[in-house]
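Report on one structure; see the data block that follows.
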2 protein chains.
Amino acid sequence: MSKQASIPVTDTNAASCCPPLAVQALSPADAADIAPLFKALSDPVRLRLMSMIASIDEACVCDLTGAFDVSAPTISHHLKVLREAGLIVGDRRATWVYYRADPDALRRLAALLQVHPD
Amino acid sequence: MSKQASIPVTDTNAASCCPPLAVQALSPADAADIAPLFKALSDPVRLRLMSMIASIDEACVCDLTGAFDVSAPTISHHLKVLREAGLIVGDRRATWVYYRADPDALRRLAALLQVHPD
DNA sequence: TTGCTGTTTCGATGTTTGTCGAATCAGCTC
DNA sequence: GAGCTGATTCGACAAACATCGAAACAGCAA
């Protein structure tokens, strides 16, 4: 707890890492770290879940489930994928679970895809 | 005023469509259109291919193949996925094929993920 | 034409993934 | 406690996917 001033180092964490794709090629390791984030957004149900959560402060699973044609376990599975990718965080309050987007995770991905306006 | 003066141009096209995720939730149809773009970037090999192509004007397949531990047919397959997603375009010149990134496709994706700086 | 090289397509294969119903867990209210 | 509702985990299964080697294609050069 004393040494705080020094380097943030490791940063094994995904996608805070790199200059935009269009600026510098990714290392194999960075690509392996970041790909799961895109994979999390690569399913239509998950992508829409992500947008529903990100576009409001907080989304109750109870509201999300009804918006899709898939079962509640499936929604729960997709939320878990988004959660494990670090794109959303969940919070149980009483009977209900609320999800919230991590704006920084989205921002990092957006930055990665940025292209100078040319 | 539902009728715009002129045609809003079908825009069946992917991802030129929507406000950022964090602004408005995607429709099921839009999510289905856009998810394939993220899926194209969801494999580590493809993501790195994309970055190698986007970070230089033009990339020769002959140079790309050697940078990975997978076979030439596999690289070709991944390039096809990126191409069919509209992220890159290929151009055969003599014996060699060169790929080039579509900056607009990247920009649209980046815009979709954008979050206002808090 | 016959070769040679770079690239793509074809088939096959083992793995991953999206989905479900059933079971389980979490937390409320009788 | 018992019972109820919301959410997750478990186990199973079909579909999709990444990968390979072999074959085919494209285009040059003897």
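Residue numbering restarts at 1 for every chain, and letters A, B, ... go by the order of the sequence lines. Because only heavy atoms are used, hydrogens play no part in the values below, and waters and symmetry mates are left out as well, while side chains stay in.
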Should the pair B:R48 and B:F68 be classed as cation-pi, given the thresholds of under 6.0 Å to the six-membered ring centre and 45° from the axis?
yes

So A:D30 and A:C18, do their side chains get closer than 4.5 Å, heavy atoms only?
yes

Spell out, yes or no, whether A:F38 and A:V81 are grouped together once hydrophobic residues are joined by side-chain heavy atoms under 4.5 Å, including indirect joins.
no

Here the distance between atom C1' of C:dT9 and atom CD of B:E84, to the nearest Å, is 12 Å

Measuring only between side-chain heavy atoms, which start at C-beta, is B:R46 closer than 4.5 Å to B:S42?
yes

Given atom CZ of B:R93 and atom C1' of D:dC28, what is their separation to the nearest angstrom?
16 Å

Validate the cation-pi geometry between B:R92 and B:Y98: distance from NZ or CZ to the six-membered ring centre under 6.0 Å, angle to the ring axis within 45°.
no

Could you give the CG-to-C1' distance, from B:L41 to D:dC17, as a whole number of Å?
16 Å

Between P on C:dG27 and CG on A:D91, what's the gap in Å once rounded to a whole number?
11 Å

Could you state the atom-to-atom distance from CG of B:L82 to P of C:dT8 in whole Å?
12 Å

Check whether any side-chain heavy atom of A:T74 lies under 4.5 Å from a side-chain heavy atom of A:H78, and answer yes or no.
yes

Can you tell me if B:K39 touches the phosphate of C:dT17, counting only side-chain N or O atoms and a distance under 4.0 Å to OP1 or OP2?
no

Check every atom of D:dC28, D:dT19, C:dG27 against the side chain of B:A94 and return the nucleotide holding the closest atom.
D:dC28

Only one of B:L37, B:L47, B:L87 passes side-chain contact (heavy atoms from CB on, under 4.5 Å) with B:L82, and that residue is B:L87

Polar atom pairs (N or O), protein with nucleotides 6-11 of chain D, under 3.5 Å:
from  : atom 1 : to    : atom 2 : distance (Å)
D:dA7 : OP1    : A:C62 : N      : 3.0
D:dA7 : OP2    : A:C62 : N      : 3.1
D:dT8 : OP1    : A:Y99 : OH     : 2.9
D:dT8 : OP2    : A:S76 : OG     : 2.9
D:dT8 : O5'    : A:S76 : OG     : 3.0

What is the separation between atom NE2 on B:H78 and atom P on C:dT9, rounded to the nearest whole Å?
14 Å

Hey, what are the protein-to-nucleotides 12-15 of chain C N/O distances that come in under 3.5 Å?
none

In this structure, how many angstroms lie between the P atom of D:dT19 and the CG atom of B:L49, rounded?
10 Å

Exactly one of B:L79, B:I88, B:D43 should register a side-chain contact (heavy atoms from CB on, under 4.5 Å) with B:M50. Which one does?
B:I88

Side chain proximity check, B:L41 to A:L113, heavy atoms < 4.5 angstrom
yes

